[in-house]
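Worth knowing before you read on, the calculation uses all heavy atoms, side chains too, and leaves out hydrogens, waters and symmetry mates. Reminder, nothing fancy here: chain letters follow the sequence lines and each chain counts from 1. Remember, it's a predicted structure, so these values are computed and weren't measured experimentally.
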Amino acid sequence: MSDTTMHSPRSYEPGTHPNLPPPSSVKGPVHWMKENLFGSITNTLLTVLAVYFLYKIIPALVDWMFVDAAFTGESRNDCRAQGDGACWAFIAGRLRLFIYGFYPEAERWRVNLSAVLLVLALIPILFDNVPHRGKAMIYSALYPFIAAWLLVGGIGGLTFVPTDQFGGLMLNVIIGVTGIAFSLPIGICLALGRQSNLPIIRILCVAFIEFIRGVPLITLLFVAAVMLSYFLPPGTNFDLLIRMLIMVTLFASGYMAEVIRGGLQAIPKGQYEAADAMGLKYWQSMRLVVLPQALKISIPGIVNTFIGLYKDTTLVIVIGRLDILGIGNASLADAKWQGLSTEVYVFVAVFFFISCFLMSRYSLYLEKKLHTGH
Amino acid sequence: MSEQLQNLDDAAPHIASAKGEEDIIQIKSMHKWYGDFHVLKDINLTVKNQERIVICGPSGSGKSTLIRCINRLEEHQQGDIIVDGIELTNDLKNIDLIRREVGMVFQHFNLFPHLTVLENCTLGPIWVRQTPKKEAEEIAMKYLERVKIPEQAEKFPGQLSGGQQQRVAIARSLCMSPKIMLFDEPTSALDPEMIKEVLDTMISLADTGMTMLCVTHEMGFAKTVADRVIFMDEGEIIEQNEPDPFFDNPQHERTKLFLSQILAH
């Protein structure tokens, strides 16, 4: 910036130099483009190349997904008659199957109600400016039990629906939400246990975490589905869905513990000492001083684990439960709709992308909100 | 000054008990090791109620470790420490009792960055002393006024200067109405222009009759405030005396060397 001297209209007495606005060459959209898109030859080339690819891909994609797509029809041939784009009629016709699986038609209002109640339960957890947040949290804590009763029924006048009729998107959401809700507290306990001064607790936590991380989730699910029956007393009816929930939760907890341990290690020793010197007891200093900071640092890792867990819910297909992906796969066998795998996988991908993208945006919002300036 | 003094006394009446002959801290032939390293050797120290003590010495001499033993941030392995009539043992209950009575100010402030200044000050009273929130906030504001930053109460520590943070840390300790205040090099991490504001706060605290143990290299502070200056080297108390004879007429060779080094610049 050798030209700054040129723009300086006059010199000032020492100590009287005012704060001047920056020259126009360091701000504004033109400057931004120069800096970010055409900064160097390589940069310019990459920009041009990227624009070219977008030009090639986006119109074709829009044509396939919307312009040439068929949204109604009774078979694949109906779709073909309307255009050579995507055949969304296939998905639309089976949408209810994708959402509810084999949940009995007449009882599906229970699933819808659970979904609405889930959103209500999430609001006080996700946002802290909700009125009466404390009371609302009690409801949130009770929600898993309410939802379990609503979905399974069998008492209080609701017809019993066996869990092997659960499927589709609702199965993904049930496993995902349960795993997320329980893996965080269990993970925190494991992470704290791993730092404990008591050797027995420490060894147990380390052993558990290392075991979980050393075994693939599929293996654990197989064990839950098949092997467990060998160890349980004969005649025990231990619901398969609950076994899966436990396994998925424990699996995510092991990873969560390590993510949170990373956050705990980033907290300076002085914070523990200040809390101790103040007379706070162990759990108080963890809850009020250490964990709020450690969890804040761990947010990216925690959400990463959540997203991983959520996508892993599709693995229930290996033990014969049909989640949204499983339903999609099974639908491909329909003779009327053969050869539409692209539509199915795009649909499933879009569903997962939206869910995961929301989680990721929320985590950014949270990080920003908890930033207290340094 | 006397008005401020009045303020402080309102909030913590028990501080103002007469400058007594009562021993508030007794340390008897105390030893501490870090692994094989003998960091404190046969420490004998008695602190009277309302006494102001400055501890100095070269780095690594064990002076910080000594005051950190008083509130059990460090464990001693031999000897006795009795604080306000309570013996410091492995009994968690005694440790908690002592920590309630002993405030500590750290070199790096150690404020809780996720809490506002006001929340930093009310955390201890609310959770340790079970003070109602509103009352705790009133007390906190009183002390924040006393350290002259009530207008920063809603800010986060990260938005304050080092000197302001250290004053908040002092206010935070005072909110627990401690009988004893420990200062572990409170000005060592500060820019020169901020040292004065913290020292001024400490001087006015000393005027209220607080029992204070300060590890510091601020010899000016020692001369103005201290009742007694203790010099430590290699884990031992080498020499202790009132400030005037300590600085004018040090007895021990090592004290002379240390004083010549830090007073030279």
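Contacts of A:Gln271 with chain B are made by both backbone and side-chain atoms, with heavy-atom separations under 4.5 Å. Using a 4.5 Å cut-off between heavy atoms, B:Arg68 touches chain A through its side chain atoms alone. B:Phe106 touches chain A through its side chain: at least one heavy atom from C-beta onward sits under 4.5 Å away, while N, CA, C and O do not. Residue contact with chain A, scored on non-hydrogen atoms closer than 4.5 Å, involves the backbone of B:Leu111 exclusively. Contacts of B:Asn120 with chain A are made by backbone atoms alone, with heavy-atom separations under 4.5 Å and no side-chain atom involved.
In terms of the salt bridge (Lys or Arg N to Asp or Glu O under 4.0 Å) criterion, residue partners of A:Asp128 (sequence neighbours excluded) are, by chain and number, A:Lys369. For B:Asp96, the salt bridge (Lys or Arg N to Asp or Glu O under 4.0 Å) criterion is met by A:Lys281, not counting sequence neighbours.
No more than 12 heavy-atom neighbours from other residues, nucleotides or ligands sit within 6.0 angstrom of CD on B:Glu193. Summarising the local packing, OH of A:Tyr255 is surrounded by more than 12 heavy atoms from other residues, nucleotides or ligands at distances under 6.0 Å. No more than 12 heavy atoms of other residues, nucleotides or ligands shown are found within 6.0 angstrom of CG on A:Asn19. Other residues, nucleotides and ligands contribute over 12 non-hydrogen atoms within 6.0 Å of the CZ atom of A:Arg133. Within a 6.0 Å sphere centred on CD1 of A:Ile200, heavy atoms belonging to other residues, nucleotides or ligands number 12 at most.
A:Leu280 CG to B:Trp127 CH2: the interatomic distance, rounded to the nearest 0.5 Å, is 9.5 Å. Considering CG of A:Leu288 and CD1 of B:Ile126, their distance stands at 9.5 Å, rounded to 0.5 Å.
For residues 273-312 of chain A, the pairs satisfying ring-ring contact (aromatic ring centres under 6.0 Å, His included) are A:Tyr310-A:Phe352, with sequence neighbours left out.
Scanning both residues, B:Phe112 and A:Ala274, for their nearest heavy atoms gives CE2-CB, 3.8 Å. For A:Met278 against B:Leu123, the heavy-atom pair with the smallest separation is SD-CD2, 4.2 Å. Minimum interatomic distance between B:His114 and A:Pro292 (heavy atoms only, all atoms of both residues): CD2-CB, 3.5 Å.
Between B:Met104 and A:Glu273, the closest side-chain pair of non-hydrogen atoms is not below 4.5 Å. For the pair A:His371 and B:Phe156, the minimum side-chain heavy-atom distance is 4.5 Å or more.
Residues of residues 135-143 of chain A lying under 4.5 angstrom from chain B, judged on non-hydrogen atoms, do not exist here.
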